[in-house]
Amino acid sequence: MKKFLKTAILSLVLCFTFVFAACGDAVERQFDSKANVNTGNEASYQSSTKENFVGYVNDNTNEAGLTMSGYRMTGTISGSYKDESTNEMINANISYNIIVVENNGVPEMAIKLSMNGTDIYMFAKDGYCYTKMKVDIPGAKGEMKIKSKLPDDYDFSDMDYIGNVVDFEKFFEMLKDGKTNATVTAYVEGETTRYKVEMDYKASVADMAELSGNYTCYYVFESNKLTGFSMKLVGDSITMEINFSKYNGKIEYPDFSDYEELSL
């Protein structure tokens with residue numbers, strides 16, 4: 001498995017790679033909700049240990065029980081960076097909503113990405129990626145609609161992808177590291193087991209930047225199957241939130257008739 005959180009960031013790269021946007025009330029409404037992670041009653045968490053958490057996942061869940069056929073992942077990234085040409089600090093705010101479902105054994109995907117005056121949507125359906133990007137920023141305003149053929153072997157529902165988002169292997173390496181000061185609490189409610197991990201965090205993201213700060217994450221299991229993941233990282237110059245949960249709904253699509261095919 002890849003580095004913990006790396007694929008969460010790379011999911012944004014995926015959004016940039018397949019840029020697009022959509023219209024229509026039903027299409028837009030599906031992005032109003034975030035991933036539903038039921039972390040339960042905060043007061044019910046009791047003291048636990050890193051060893052208990054590692055043992056639970058290793059012994060009981062069989063690769064964390066990643067057997068879901070549909071999921072939603074939502075998140076936000078806010079931070080600041082220096083404009084090298086002006087030496088001014090620029091605030092950047094990104095939010096994304098990713099839905100993946102399986103329709104008669106075929107994976108389909110919908111994404112909405114919003115960032116500083118730009119809305120980007122992507123739909124993967126019937127072997128095509130449909131893209132519409134709407135820009136409304138100083139000096140640039142407009143939109144585009146394109147479609148492109150997907151590879152025959154594309155599979156956005158691949159559980160390895162989810163495994164990279166929730167990279168237990170890398171996470172366990174950090175927990176077993178004696179230098180990692182983590183606090184672990186847990187509670188069991190019927191068939192639901194919840195773990196909460198709090199710690200100071202520092203890691204390389206996509207081999208491009210270093211993230212550090214205070215990290216809080218919830219893992220929710222039902223009958224030993226992972227059904228929810230909620231993370232918040234607060235650092236000096238960035239705040240990141242990721243929510244991931246099982247999704248049993250469907251995807252609403254816009255009218256693709258006026259999307260122009262792009263030949264690569």
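For the pair Lys145 and Tyr130, the NZ or CZ position fails the cation-pi test of under 6.0 Å to the six-membered ring centre and within 45 degrees of the ring normal.
To the nearest 0.5 Å, atoms OG1 (Thr185) and NZ (Lys196) are separated by 5.5 Å. Here OH of Tyr259 is found 10.5 Å from CE of Met144. Values are rounded to the nearest 0.5 Å. Taken from OG in Ser114 to CG in Asp119, the straight-line distance is 4.0 Å, to the nearest 0.5 Å. Here the NZ atom belonging to Lys125 is positioned 12.5 Å from the CG atom belonging to Leu150, to the nearest 0.5 angstrom. To the nearest 0.5 angstrom, Tyr215 atom OH is 11.0 Å from Glu198 atom CD.
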For a side chain to side chain donor-acceptor pair (under 3.5 Å) check, start with the C-alpha distance between Thr74 and Asn97, then their side-chain angles and the critical distance, and finish with the verdict. CA-CA 4 Å; Thr74 58; Asn97 195 322; 5.7 Å; no
Start with the C-alpha distance between Phe31 and Ile111, add both sets of side-chain angles, then the distance that settles side chain to side chain contact (heavy atoms under 4.5 Å, CB included), and finish with yes or no. CA-CA 8 Å; Phe31 297 116; Ile111 300 175; 5.7 Å; no
Would you please test Tyr218 and Tyr45 for side chain to side chain contact (heavy atoms under 4.5 Å, CB included) and show each step? CA-CA 11 Å; Tyr218 295 84; Tyr45 284 84; 3.2 Å; yes
Let's go through Ile120 and Met115 carefully: what are the C-alpha distance in whole Å and the side-chain angles of both, what is the deciding distance for side chain to side chain contact (heavy atoms under 4.5 Å, CB included) to 0.1 Å, and is it a yes or a no? CA-CA 8 Å; Ile120 303 170; Met115 52 181 181; 3.3 Å; yes
Verify side chain to side chain contact (heavy atoms under 4.5 Å, CB included) between Cys217 and Phe229, making sure each step is shown before the conclusion. CA-CA 7 Å; Cys217 186; Phe229 166 86; 3.4 Å; yes
Any chance you could lay out the side chain to side chain donor-acceptor pair (under 3.5 Å) test for Asn243 and Ser230, step after step, and finish with the verdict? CA-CA 4 Å; Asn243 291 282; Ser230 180; 2.7 Å; yes
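Looking at Thr239 and Ile77, their side chains never come closer than 4.5 Å, going by heavy atoms from C-beta outward. The shortest distance between side-chain heavy atoms of Val220 and Asn38 does not fall below 4.5 Å. When side chains are defined from C-beta on, Tyr253 counts as touching Glu108, because their heavy atoms get closer than 4.5 Å. Thr118 has its side chain within reach of Met133: a pair of non-hydrogen atoms, C-beta onward, lies under 4.5 Å apart. Side-chain atoms of Lys225 and Lys246, non-hydrogen and from C-beta on, never get closer than 4.5 Å to each other. You'll find the side chain of Ile99 reaches within 4.5 Å of the side chain of Gln30, heavy atoms only. In this structure the side chain of Lys250 never reaches within 4.5 angstrom of the side chain of Val101, judged on heavy atoms. Considering only heavy atoms from C-beta on, Tyr128 comes within 4.5 Å of Lys149 through its side chain.
The pair Arg194-Glu189 meets the salt-bridge criterion, since a charged nitrogen lies less than 4.0 angstrom from a carboxylate oxygen. Between Glu252 and Arg29, no side-chain nitrogen of the basic residue sits less than 4.0 Å from a carboxylate oxygen of the acidic one, so the salt-bridge criterion is not met. For Lys112 and Glu28, the salt-bridge test passes: some basic side-chain N is under 4.0 Å from an acidic carboxylate O.
For the pair Asn116 (side chain) and Asn93 (backbone), a donor-acceptor distance under 3.5 Å is present.
When the side chain to side chain donor-acceptor pair (under 3.5 Å) test is applied to Asn52, the partners found at least two apart in sequence or on another chain are Ser48, Thr49.
Summarising the geometry of Ser33 relative to Arg72, their closest heavy-atom pair is O-NH1, 3.3 Å, with the distance given to 0.1 Å. Taking every heavy atom of both residues into account, Asp258 and Asp255 meet most closely at OD1-O, 3.8 Å.
Val100 and Tyr96 fall within a single hydrophobic cluster, where Ile, Leu, Val, Met, Phe, Trp and Tyr are joined by side-chain heavy atoms under 4.5 Å apart, directly or via other members. No chain of hydrophobic side-chain contacts below 4.5 Å, direct or via other Ile, Leu, Val, Met, Phe, Trp or Tyr residues, connects Leu233 to Val37.
A ring-centre distance under 6.0 Å is not found for Tyr187 and Tyr195. For Tyr56 and Phe53, the ring centers are positioned 6.0 Å apart or more.
Counting non-hydrogen atoms of other residues, nucleotides and ligands closer than 6.0 Å to CD of Glu191 gives a total of 12 or fewer.
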